[in-house]
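Worksheet for the structure shown next.
Naming: A, B, ... by sequence-line order, numbering from 1 per chain. Computed over heavy atoms, backbone and side chain alike; hydrogens, waters and symmetry mates excluded.
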Amino acid sequence: MINNKSLKTAILFRLVIPLLFFVIIDAVLSYFVTTHFVDQAYDRWLLDSVNSLAQEIKINNGQISVELPPAALEMFNWDEQDQTYFKINSSRNLLLAGEAKLPEFSTSGEMDWSQPVFFNARFNAQPVRIASMRMVFSDTDEVVYIHVAETMNKRNAMMVDILLSDLLPQLALVLISGIYLFSGLNRGLQPLHTLAKQIAGRSARDLNPIPETHVFIEVKTLTDTINTLLQQLTDAIETQQRFIANAAHQLRTPLAGLKLQAERALREQDIHAMQPALKQLQTSADRMSHLTSQLLVLAKSEPINHYELHPVDLAELTRQVCIAQVPKALQRDMEISLDNPPASIMILGDEILLTELMTNVLDNAVTYGHQAGNINVKLLDKPAPMLIIEDDGPGIAEAERAKVLERFYRIPGSSGDGCGLGLAIVKEIAELHHADVTLAKSAELGGLLIKVEFSGLVAD
Amino acid sequence: MVGHLCLDTTQQRILVYEEAFHLTSGEYKVLELLMLQTGKVVTKERIAQRLASDGEGISDNAVEIYIHRLRKRIERYGVMIRTVRGLGYLLVAAHD
């Protein structure tokens, strides 16, 4: 992750921001609902005022007149918070009483006067709420309009009161939730901090699993993963150490021999007398170089190395390895034959390692087989790709078969310059390819039969 | 030089006891191929390829006929063609 955000901040933001958003939506809704109910309450009084003014309108002989007694005007002035204005005019556009400039409701369409009309407007630089009503009379065509306006101080005060009583607890709720979440998250994330401290406090050599003391599943998943990784690392390091110890041990003996032979050669005065010692020196050096290259193959076939398996043609590979071994076999008058193999068998594998596997099996057969013996290589593609190499050599006793697959094991009293790694290499490379190695007695030739069965990785 | 056979690639011929050894051009090609890789396996495909440059494709049986003829002709000069089953042929100096 490139952008290192705190989990805590992220959770907090994801919870608190939507919460705030909901509060805002709620506030807007509350505003409209409150406005509706406040207007309903105060409009009733406004309508009362309109009705009481209407009672003061008289008709005498078709003449409309308004007589406002002081008591009637009083009702508009008793209020200290709000100013009240009124206007009464007739359809002939005559002002009968009140403020001439009081705005009237205007609409582009036909007015529906069956109900009183309420609307907001501005008057004397103040917002006002106006109620208007039309009066019709039976004995004249003239129509009278009555308008009462009131400033909105009381309404606004009430609006603020209601909104505050509604919103403040909600804001407090968000705030408290935020604080609670913050401390809760701190506590909840504590195991992670503890875990980080535990891991940071470890020495590089300590590969013991992390103790499973954590309650939360999420943390447990994390520790499980780390423990698996630690276990793999432990295994890998152990394998490496075992390998190094083995290798050092195996290299020491031939090196001591080399030193001895060199000393022997140095003791001789005559150059011809040195010859046998030098010959031996060369043989030992050859053996050393063989051992070293075998060790390298073994190190390469360690499963801890990173592998990419590619499609490999097992048939072609077998052909190449057999061809390469023929000259060596001929030196011992041995015959290598490949029983008509399928044209190609594709498997997933590492070409170099598979070559090493086959070379080692064949090399063993050539080295330990009888003079003028036979080696028969078979390749099958069904049911699974399978390589069978059998010879008419001395074979391997049943009791020894498991042991020869182990590293550095040599059959007691066996001839040749082997280092005891050949079949171990075969087994380990086979394991990398999920292949099984079986050693048996060859029914056909009487010697050893080695079967490598590639059950796992068949390339398409 | 293998056995008593001596390959002269510059003049495309094979000498026996310093005298030219008469071979068809196909036989020469096969023997040259085998001699250049004495002691190593030469696959049937490789031999067929070498022969195929003469014209049509060459069957495995045709290769076998060439090998059979060559075997007969060279065996008395201390050279033999061995068959490696499933792999091919190789030329070796005969053990007397």
Side-chain angles (χ1 to χ4, degrees), chain A residues 313-345 355 358-359 361-363 365-366 369-381 385-392 442 444-445 447 449-452, chain B residues 1-7 29-52 56-68 70-72 74-96:
Chain A
D313 185 354
L314 198 60
E316 180 55 27
L317 208 69
T318 310
R319 241 188 315 270
Q320 294 304 327
V321 173
C322 286
I323 288 173
Q325 286 292 319
V326 166
K328 190 175 174 186
L330 282 179
Q331 280 176 15
R332 304 196 65 217
D333 270 327
M334 297 176 96
E335 291 245 14
I336 295 180
S337 64
L338 182 61
D339 266 0
N340 25 294
S344 86
I345 300 177
T355 306
M358 283 183 215
T359 306
V361 175
L362 270 178
D363 197 63
V366 171
H370 294 303
Q371 182 85 17
N374 290 296
I375 299 164
N376 200 348
V377 181
K378 279 183 201 155
L379 205 50
L380 305 171
D381 57 354
M386 195 188 297
L387 174 75
I388 298 169
I389 297 174
E390 45 188 337
D391 61 39
D392 54 1
S442 162
E444 211 172 306
L445 296 175
L449 179 145
I450 295 184
K451 186 169 75 178
V452 186
Chain B
M1 178 108 184
V2 185
H4 299 291
L5 295 182
C6 185
L7 176 67
K29 280 179 184 169
V30 176
L31 192 52
E32 182 198 58
L33 197 61
L34 289 169
M35 284 182 83
L36 286 173
Q37 307 217 43
T38 302
K40 288 187 187 152
V41 175
V42 179
T43 60
K44 262 189 188 173
E45 291 86 8
R46 183 81 192 80
I47 296 171
Q49 257 173 30
R50 185 79 176 86
L51 285 170
E56 285 98 69
I58 296 291
S59 69
D60 278 6
N61 285 341
V63 172
E64 272 163 34
I65 290 164
Y66 273 103
I67 296 289
H68 184 72
L70 275 173
R71 234 182 218 148
K72 287 258 154 120
I74 64 174
E75 63 187 0
R76 59 203 128 122
Y77 304 120
V79 186
M80 67 189 263
I81 297 172
R82 296 185 61 141
T83 307
V84 185
R85 201 154 57 87
L87 296 171
Y89 302 97
L90 81 170
L91 192 77
V92 287
H95 312 275
D96 348 357

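Considering every non-hydrogen atom in both B:V84 and A:I336, the closest pair reads CG1-O, 2.8 Å. Closest heavy-atom contact between B:G39 and A:P327: O-CG, 3.3 Å.
The side chain to side chain contact (heavy atoms under 4.5 Å, CB included) test with B:R85 is passed by exactly one of A:N374, A:L338, A:D339, A:V377: A:D339.
Using a 4.5 Å cut-off between heavy atoms, B:V92 contacts chain A through its side chain alone, with no backbone atom that close. In this structure, the portion of B:T83 lying under 4.5 Å from any heavy atom of chain A is its backbone and not its side chain.
With respect to the salt-bridge test (charged N to carboxylate O, under 4.0 angstrom), the residues B:R82 and A:E335 qualify.
We find the CD-CG distance between A:Q325 and B:L87 to be 11.5 Å, quoted to the nearest 0.5 Å. Atom CD1 of A:I323 sits about 10.0 Å away from atom CG of B:L90, to the nearest 0.5 Å.
Residue B:K40 qualifies as open at atom NZ: its count of foreign heavy atoms under 6.0 Å is 12 or below.
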